[in-house]
2 protein chains.
Amino acid sequence: MTTLSANEIVGRLKLHGLRVTPQRFAVYENLLNRIDHPTVEQLLVELNQAGPVSSQATIYNSLQALREVGLVRQVLLEEGVVRYDANVDPHHHFRCHSCGHIEDIPWEAFHEVVQSSLRPGLRPDRYEVTVMGTCDRCQPPEPQDAV
Amino acid sequence: MTTLSANEIVGRLKLHGLRVTPQRFAVYENLLNRIDHPTVEQLLVELNQAGPVSSQATIYNSLQALREVGLVRQVLLEEGVVRYDANVDPHHHFRCHSCGHIEDIPWEAFHEVVQSSLRPGLRPDRYEVTVMGTCDRCQPPEPQDAV
DNA sequence: TTGTATTTTAGAACTATTCTGACTTAAGAG
DNA sequence: CTCTTAAGTCAGAATAGTTCTAAAATACAA
Ligand SMILES: [Mn+2]
Ligand SMILES: [Mn+2]
Ligand SMILES: [Zn+2]
Ligand SMILES: [Zn+2]
């Protein structure tokens, strides 16, 4: 989450062979500066809030280009909702089904569990845990109890 | 995976307050008898293979009804692909990114890992592990080795 | 059997995403 | 710089998965 400078963002794009257009820059910069895993619609609204920056088609194009070089990934947690994430380091996700809040779960949280637990024959090379539950702000009306 | 008799299937539907129509029965029965997590399209083709059984709209309707009473669940593993599963017991999924084969991973495989590994404040009530890798039939071109 | 709320269905509508093709631009070469 | 052109942008059309509509059919309780 360390905020990247404009130069660093440009550097990353060029490093991956992407031309630096204002639209592409804006999409990536915006995605880097938020932790909420936005949808295309949300990106579109926020980017064009203070005057037009990017068309819808270009946001789709930019996300696709960024995805192809591995700077951005999709996150699929809900049916019919595609979210985008500029955190491409392996990690997991938590989703509050009360308020919809989504947050990252560090990769280390489920350390090494998977590799050892699969049946022989399956060669895992990636895995991801999705946890659904209730976040801090949405605790259900329970009186008092601990884990 | 124990094959259910027609009577048992009817019983389940009624138990959940669903009327037993030929279409709804066929959708649920088909889903119970396969382990491949089919899409709507695949269900449509297979159900109507030997003469018309159910329209597309009715398959969507049936799946929605079955889902609402908890007899069927969706499985989201790939972008833009919604799959259905009549196994509603908690379990995880493996997906071979070579052939697309999908298989269940028993719930016990990752027993108790999650509950203990989350930050305080989050109350998990469901979680799911998605493992991507290579299945038996798609082992990469390695010379010789055994399991 | 009958009555009625539910279900089925073809086709229309809707929605997220991709495509099209004319125009614009980033950036390397000279 | 200026030129050149492959790459990018964008409005609108097209596509695809899903839901809606409303008329006809039907499950099932009485
Ligand atoms: Mn994330
Ligand atoms: Mn399954
Ligand atoms: Zn919440
Ligand atoms: Zn395979």
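We name chains A, B, ... by the order of the sequence lines, and we start the count at 1 in each one.
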Q.
Can you confirm whether R126(A) is buried at CZ, in the sense that more than 12 heavy atoms of other residues, nucleotides or ligands lie under 6.0 Å from that atom?
A. no
(Q) Students often get this wrong, so: under 4.0 angstrom with heavy atoms, is Q56(B) touching a base, only sugar-phosphate, or nothing? (A) base
Q.
Check this one for me: any side-chain N or O of Y60(A) less than 4.0 Å away from OP1 or OP2 of dT18(C)?
A. no
Q.
Looking at E29(B), is its backbone amide N or carbonyl O close enough to the side chain of N33(B) to form a donor-acceptor pair, meaning the two atoms are under 3.5 Å apart?
A. yes
Q) Using the benzene-type ring in the case of Trp, are the ring centres of H37(B) and Y84(B) under 6.0 Å apart? A) no
Q. Going 5' to 3' along DNA chain D, which nucleotides are the first and last within contact of chain A (any atom under 4.0 Å from a heavy atom)?
A. dA6(D) to dA11(D)
Q.
If I take atom NE2 in residue H16(A) and atom P in nucleotide dA26(C), what distance separates them, rounded to the nearest angstrom?
A. 21 Å
(Q) Regarding T58(B), tell me which of base, sugar-phosphate or nothing describes its non-hydrogen contacts under 4.0 Å with the strands shown. (A) base
Q: Mind calculating the distance between CG (L13(A)) and P (dA26(C)) to the nearest angstrom?
A: 13 Å
Q. With a non-hydrogen cut-off below 4.0 angstrom, is P22(B) in contact with a base, only sugar-phosphate, or nothing?
A. sugar-phosphate
Q. Do D36(A) and H101(A) get their side chains close enough for a donor-acceptor pair, meaning under 3.5 Å?
A. no
Q) Of E79(B) and S54(B), whose closest DNA chain C nucleotide lies nearer the 5' terminus? A) S54(B)
Q) Going by atom types alone, do Q74(A) and D85(A) pair a side-chain donor with an acceptor below 3.5 Å? A) no
Q. Is the distance between the ring centroids of Y127(A) and H92(A) less than 6.0 Å?
A. yes
Q) Starting at the 5' end of DNA chain C, which residue's closest nucleotide do you reach first, A57(B) or V40(A)? A) A57(B)
Q.
Without decimals, in angstroms, what is the distance between L44(A) CG and dT18(C) C1'?
A. 16 Å
Q: Using whole Å, report how far CG of N61(B) lies from C1' of dA10(C).
A: 13 Å
Q: Please lay out, stage by stage, how E41(A) and V45(A) fare under the test side-chain contact (heavy atoms from CB on, under 4.5 Å).
A: CA-CA 6 Å; E41(A) 174 67 15; V45(A) 168; 3.8 Å; yes
**Q.** Nearest-Å distance for atom pair CD1/P, residues I59(B) and dA10(C)
**A.** 11 Å
Q | Among dG11(C), dA26(C), dT18(C), the one nearest Q64(A) by side-chain distance | A | dT18(C)
Q. Looking at R19(B), does any N or O in its side chain come under 4.0 Å of the phosphate oxygens OP1/OP2 on dA5(C)?
A. no
Q: Between V81(B) and L18(B), just flag the one whose closest nucleotide in DNA chain D comes earlier from the 5' side.
A: V81(B)
Q: Check the distance between dT9(C)'s P and R24(B)'s CZ and give it to me in whole angstrom.
A: 12 Å
Q.
Using whole Å, what does the distance between atom P of nucleotide dT8(C) and atom CG of L47(B) come to?
A. 12 Å
